[in-house]
Amino acid sequence: MRMTRLALKTQREAPADAEAVSHQLLVRAGYIRRLASGVYSFLPLGLRVMAKLNQIVREEFDAAGAQELLLPALHPVELWEQTGRLQTMSDVLMTVEAKGGTFVLGPTHEEAVIATISPDLESYRDLPVTVYQIQTKFRDEARPRFGLMRTREFIMADAYSFDASASGMKSSYSRMYQAYLNIFDRCGLPYVPVEADSGAIGGDVNHEFMVPSPIGEDHFAQCPNCGYAANIEAAKRGEAAGKPSDANAPEMTMHSTPGSTTISEVVEALGSQGIEVDSSSLLKSLAFKDANDDVTLILVPGDREVKVPKGLAPLTDNDFESNSFLFKGYIGPMGMSDQGVRVLADYSILERSAWSAGANLVGHHVSNAVLGRDFEVDEFGSFVVVGDGDPCPNCGDALSLVRSIEAGHTFELGLSYSNKISSATFKAEDGTDQKYWMGCYGIGMSRLPAVIAEHFHDADGLRWPKSVAPYQVELLTITPARAPEAVAFTDDIYGQLRERGVEVLYDDRDLTPGVKFADADLIGVPIIAIIGQRGIANGVIEVKKRLTGERIEVSVPDIVDYLSESG
RNA sequence: CGGGAAGUAGCGCAGCUUGGUAGCGCGCAGCGUUCGGGACGCUGAGGCCGCGGGUUCAAGUCCCGCCUUCCCGACCA
C-alpha cells in the first residue's frame, strides 16, 4: 500500500482522554478512533492487525477440530429468560426494542449457540462437535477504559464444545486449551494460564489466560516454586508451618468497647485501655447463612479480607433478629458450637496463639482468646483473599501477586446450560434423552491489539511482532521529489515484493525525512527499508529492524530477497 | 452508583479571577526557500466557546438546570 493512497493521519499528540500507552499509540498511529465512550472504529491499519489475529485464531481453532459459524448479535429476549441470565446479567445487558419484540444485544452466546446448533446434534452419533465464531459483543460496562482494553462493543472469538459425556467434555476442553496456548504463543505475548473463578458464566474447571501488565485490572497469585497460578478471586492459600497454641497465655479478659463495631474502632478502643492490639491480632468474625438458613461463622485476621465460600450469604438484619445471640460488630467465636453455629477459620488463625475478638455482648470485646482453650474451630481452610507472601496451597512457598490483563478464558460448563434449555438434548446409545456436556472458550480479540501494544512499544511508537503486524515491510524513500533514481528503484522493488506476496507499506509521500522516520517508528512495521539517493549511489540499502533497533546495510541486488525472507 | 476533574477549530491547549471585536501550537490549503531523524517564511481557510434557561446595554467569561467525557472507587466472563 502506498501511503499517498492510504487513509491515514498520524498525530503528534495523543488525545487528552487516552491514559494507557497502548491507547495513546494506537490512536496517534492511526489504528483506531473513538466514536463514543467505549466504542472504537478500526481504521485500515487497525483492521489489518485484527485480520492477522483472526487468522491465527481460525488456524488454531480449525486445527483443534472446531468449525466456524456466525451467530446473530440480536437474541430474542425469551432465550435469555430461559437461562435466567436476563436477571443475573442485567447489569451488562443492552436491549433493543424492535417491531418483532425485545432483543438482547449478545454479550456472550451460550444461549444462542445452543438454540442454533441443537437441531444438528440429535444423537450421540453427532457428537462431539465444537463450533466457534468471531463476533461483535455488547456489554454495558459501568466504566469503559484504556481504549480497546475495556469497551462496550468489542470483538470476541468464542467457541463452544458439545459432548456426550463428562470425559468427552474434558478431552474437548484440553484440545481447546492447547489451541489457546498456541494462539498466545503466536501473538508473541508472555502469558500465564491461571485457575479462575467462573463468575456469572457458571461451571466448574476454568482457566484465564493472563498477560502480566501494569495497567491490568486483574491480579493473580503465582508460586515461583511449583508454578501454581490462580486468579485472586479463586486463589487459595495453604497452611503455614503451624504455631502451637499457647495454653499458658494470660486469661481471656473482657473489655468495654462501646460503639466500636469496626476493626479500626476496636483497635483504638482497646488501645486506649492499654491493650496492645493491631488489626492483625484482632479476629474478624463474620456470620453467613447457607440455603437452609444455618449460620456459619468465618474467622480471619482483622487485616485480611474474607473470601466467602460459594453457597454462603451474609446475614441480613432480619437474620440477626432471629439469631438473638449474634450482635453485629461484637461477634466472637467463643461458645458458638453450643449455639449450633459452624465455625470455619482461615489457616492464618493457626499462626497466632492469642487473639482479641468480639465478646458476643453488645459494647464488649475480649483479649487473649486462645484457640483450643477459649474457642474452637470446626474446620480450617483458605478463607481469605490471598495476598503477597501467603503460603502456596501446593508447596507452601510464598505466593506473589501479579497484575495482569485477562486475554482469554476457558470453561468446562458441564450441564449448567444444557439443563436450562429444553432443546439441549440428544438421544444416547441406550435410547434415553441426555443433556450436552458443554465447554466454552472466549478470547477478547479486539482487546488483543491493546494488550500487544502495551507489551511491544518504546518511546517512539509501536513495535509489532511479525505475526500480527499490519505490514511486514515498510519502504521509505528519502526526499522522493529530488531523487528520481531512488523512486524508480523503490517502485521496482515494491512491485517485486508484492508479486512475491509480501505485505508492503510504501511511504512514497513527499515529506521531509524526519517526518517519515518518525511515522515509521510510530506505526511500527517490523522491517523498515530506507532508500535514498546516497545509498543507491553506494550500492546499499539501509534496513532498520523496528523491534531491536538494529540497522544493517543490504546490497542493492540482494534487497528484494532479503526483504521477502525477513518479511 | 459514590468521590474528583474537564468540555473553546480535526488534535493539544490559553482566555473565565476583574463581562466589552475568540487566540496560540500542531494539523489543513496556496506560494517560495529547505531536505538522512517531527525544517522555515509569507498568505489563507476553518468556531452554535457542550446544550437549555437566566442576569446584563453587552456573556466563552456571572447564576441555575441538563448532557457528555476522563480519573479514583464500587461493580464485572
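Keep in mind that what you see is a predicted model, and the values were worked out from it rather than measured. Reminder, nothing fancy here: chain letters follow the sequence lines and each chain counts from 1.
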Provide the full list of ring pair (Phe, Tyr, Trp, His ring centres under 6.0 Å) pairs with a residue in residues 12-36 of chain A, sequence neighbours left out, each pair given once.
His23(A)-Tyr40(A), Tyr31(A)-Trp464(A)
Is [X] touching bases, backbone alone, or none of the nucleic acid, heavy atoms closer than 4.0 Å?
X         : answer
Arg551(A) : base
Ala14(A)  : sugar-phosphate
Ala142(A) : base
Gly535(A) : base
Ser37(A)  : sugar-phosphate

In whole Å, what separates the [atom1] atom of [N] from that of [M]?
N       : M       : atom1 : value
rG30(B) : rG65(B) : P     : 49 Å
rU61(B) : rG23(B) : C1'   : 15 Å
rG60(B) : rG44(B) : P     : 26 Å
rG19(B) : rA59(B) : C1'   : 6 Å
rA58(B) : rA74(B) : C1'   : 47 Å
rG38(B) : rU21(B) : C1'   : 36 Å
rG52(B) : rG12(B) : P     : 23 Å
rC13(B) : rU18(B) : C1'   : 23 Å

Stepwise salt bridge (charged side-chain N to carboxylate O under 4.0 Å, His left out) test for Glu19(A) and Arg145(A):
CA-CA 8 Å; Glu19(A) 184 82 359; Arg145(A) 63 179 131 180; over 6 Å; no
Tell me which nucleotide among [options] gets nearest to the side chain of [X].
X         : options                   : result
Phe517(A) : rA77(B), rG37(B), rC35(B) : rG37(B)
Glu19(A)  : rC35(B), rU69(B), rC71(B) : rC71(B)
Pro15(A)  : rG12(B), rC71(B), rG38(B) : rG12(B)
Arg34(A)  : rC26(B), rC76(B), rC70(B) : rC70(B)

Under a 3.5 Å limit for both distances, which nucleotide forms a Watson-Crick or G-U wobble pair with [N], could you say?
N       : answer
rA58(B) : none
rG27(B) : none
rA45(B) : none
rA9(B)  : none

Which protein N or O atoms sit under 3.5 Å from an N or O of nucleotides 40-45 of chain B?
none

Any residue in residues 207-220 of chain A with a heavy atom nearer than 4.0 angstrom to RNA chain B? Just list them by number, or reply none.
none
In residues 537-544 of chain A, which ones come under 4.0 Å of RNA chain B, going by heavy atoms?
Glu542(A), Lys544(A)
Length of the line joining [X]:[atom1] and [N]:[atom2], which is rounded to integer Å:
X         : N       : atom1 : atom2 : answer
Glu305(A) : rA74(B) : CD    : C1'   : 12 Å
Tyr441(A) : rA77(B) : OH    : C1'   : 15 Å
His409(A) : rA77(B) : NE2   : C1'   : 6 Å
Ile478(A) : rU34(B) : CD1   : P     : 18 Å
Asp17(A)  : rC70(B) : CG    : P     : 6 Å
Ile530(A) : rG36(B) : CD1   : P     : 13 Å
Leu35(A)  : rU68(B) : CG    : C1'   : 14 Å
Glu412(A) : rA77(B) : CD    : C1'   : 16 Å

Looking at Thr108(A), I'd like to know whether one of its side-chain N or O atoms comes within less than 4.0 Å of OP1 or OP2 on rA77(B).
no
Give a yes or no on whether a donor-acceptor pair under 3.5 Å exists between the nucleobase atoms of [N], that is its base, and the side chain of [X].
X         : N       : value
Glu13(A)  : rG25(B) : yes
Arg28(A)  : rG38(B) : yes
Arg145(A) : rC71(B) : no
Arg509(A) : rG38(B) : no

Under the salt bridge (Lys or Arg N to Asp or Glu O under 4.0 Å) rule, collect the residues that match up with Arg447(A), sequence neighbours excluded.
none
For Glu542(A), which residues count as a salt bridge (Lys or Arg N to Asp or Glu O under 4.0 Å) partner, sequence neighbours excluded?
Arg551(A)
If the condition is side chain to side chain contact (heavy atoms under 4.5 Å, CB included), which residues does [X] pass it with, not counting sequence neighbours?
X         : result
Asp218(A) : Met210(A), Asn231(A), Ser404(A), Glu406(A)
Thr490(A) : Leu475(A), Thr477(A), Tyr506(A), Ile531(A)
Leu69(A)  : Leu71(A), Ile117(A), Val131(A), Gln133(A)
Asp460(A) : Asp458(A), Asp521(A), Arg546(A)

May I ask you to check whether [X] and [Y] show a side-chain donor-acceptor distance below 3.5 Å?
X         : Y         : answer
Ser161(A) : Tyr441(A) : yes
Glu454(A) : Ser213(A) : no
Asn206(A) : Tyr173(A) : no

Please confirm whether Arg139(A) makes a cation-pi placement over Phe154(A), using NZ or CZ under 6.0 Å from the six-membered ring centre and within 45° of the ring normal.
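Here Arg139(A) fails the 6.0 Å and 45° test against Phe154(A).
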If I take atom CG from residue Leu497(A) and atom CD from residue Gln472(A), how far apart are they, to the nearest 0.5 angstrom?
11.5 Å
Counterpart residues, side chain to side chain donor-acceptor pair (under 3.5 Å), relative to Ser555(A) (two or more places apart)
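Ser555(A): side chain to side chain donor-acceptor pair (under 3.5 Å) contacts with Asp558(A).
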Which pairs, protein N/O on one side and nucleotides 28-33 of chain B N/O on the other, fall under 3.5 Å?
none

If every non-hydrogen atom of Phe456(A) is compared with every non-hydrogen atom of Cys187(A), which pair is closest and at what distance?
CE1-O, 4.2 Å
If the plane angle is over 60° it's perpendicular, under 30° parallel, otherwise tilted; pick one for Tyr180(A) and Phe209(A).
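Tilted, since the angle between the ring planes falls between 30° and 60°.
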Take atom CZ in Arg33(A); do more than 12 heavy atoms of anything else shown fall under 6.0 Å from it?
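No, the 6.0 Å shell around CZ holds no more than 12 heavy atoms from other groups.
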